[in-house]
Amino acid sequence: MKSAVTVSLVEEARGGPFVFWDGLPAAFQQAAELGFDAVEIFAPGPQAVNSSEVSQLMDRHQLAVAAVGTGAGMVKLGLSLTDPESRKRSEAKDFIRAMIDFGAQWQAPAIIGSMQGKWGGTVSRETALDLLRDALNELGLYAQERGVHLIYEPLNRYETNLLKTIEDSVQFLGTLQNDNVRLLADLFHMNIEEADIAQAIRGGGNLIGHIHFVDSNRQAAGMGHINFEPILSALNDIDYRGYLSAEAFPLPDSVTAARNTMDAFRRLVS
Ligand code: LER
Ligand code: MN
């Protein structure tokens, strides 16, 4: 298992659960100093970041890009894959395709979290799930052609009303036409929705493609009341080789949150 830490470049997301906020150079430098393997980038969009700057920072600090978030499509542009308007759904897919291209430059998968949207109003639950299925079929294939997985993130009930548990998400992935979509197990969301986080991870098995490594209060691992030992046992049991990526509030400050995460990572991952 490898360690990663998030950086947000999205001003509109201030107050959100990202560790670093002060630009890529500072985030890469601090991540490297603390011993992380990778950085996860939450960018305003594919055009907003200079790709050669990212490549240079990766080289200079010997870091990978763990994943790229697509949530700015929702936060900045109000786009979702289950919007009632087909024009908005197309724009959402265009945005995600561009983010898949952006991440694929460094073999980093794109994450679909808040871009999945919600059902309600004129969109029934069944229709929303059909729209999400069509989108994940299309975008999953697009990612596959670029040599990366597409990562789907179930969220807690306060952020989505679509798929909230790993079990429901596994079942949903089973209805897709391609097998290139993997699940993001965000321990904060799981702490709200799962009866047993470790068992849920075992149920996810080889479909678990990424972890948001964070505690119950969305602070760094170790700063809340999640019991991480059984979770790490479950990840070992499923032979998980991906990232434990810190998607946590910068509390009490970014560097301390990152350092606390790294302390937990070293304690838990042998
Ligand atoms: C949102 O709560 C979250 O967990 C992000 O990873 C999704 O974009
Ligand atoms: Mn997350």
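Note that ligands are numbered from 1 as they come in the structure, with each ligand's atoms numbered from 1 the same way.
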Quiz item: Are Trp106 and Ser55 linked by a side-chain donor-acceptor pair shorter than 3.5 Å?
Solution: yes
Quiz item: Counting only N and O atoms by type, is there a donor-acceptor contact under 3.5 Å from the side chain of Asp37 to the main-chain atoms of Ala4?
Solution: no
Self-check item: At the Mn ion (ligand 2): angle between His212 atom ND1 and Glu153 atom OE2, to 10 degrees
Solution: 100°
Quiz item: What do you reckon, does His189 put a non-hydrogen atom under 4.0 Å from ligand 1?
Solution: yes
Quiz item: Which atoms of ligand 1 are found less than 4.0 Å from any heavy atom of His212?
Solution: 6 (O)
Practice problem: Scan side-chain atoms only and decide if Gln29 and Glu33 contain a donor-acceptor pair under the 3.5 Å cut-off. | Solution: yes
Quiz item: Would you say Asp215's side chain and Gly222's backbone share a donor-acceptor pair under 3.5 angstrom?
Solution: yes
Self-check item: Among Met115, Gln116, Glu153, closest by any non-hydrogen atom to atom 7 (C) of ligand 1
Solution: Glu153
Self-check item: Ligand-residue contact atoms, ligand 1 with Arg218, heavy atoms, under 4.0 Å
Solution: 1 (C), 2 (O), 3 (C), 4 (O)
Quiz item: Hey, what do you get for CD (Glu193) to NZ (Lys164), rounding to the nearest 0.5 Å?
Solution: 6.0 Å
Quiz item: Are the side chain of Asn180 and the backbone of Val148 linked by a donor-acceptor contact shorter than 3.5 Å?
Solution: yes
Quiz prompt | Which N, O or S atom of Asp186 lies nearest to the Mn ion (ligand 2), by name | solution = OD2
Quiz item: the Mn ion (ligand 2) is nearest to which N, O or S atom of Glu247?
Solution: OE1
Quiz item: Can you tell me which residue and heavy atom of the protein come closest to atom 1 (C) of ligand 1, and the distance to 0.1 Å?
Solution: Glu159 OE1, 3.2 Å
Practice problem: Measure from the side-chain N and O atoms of Glu194 to the backbone N and O of Ile166, and report whether any donor-acceptor pair falls under 3.5 Å. | Solution: yes
Quiz item: If you count the atoms of ligand 1 from 1 in the order shown, which ones are under 4.0 Å from a heavy atom of Asp186?
Solution: 4 (O)
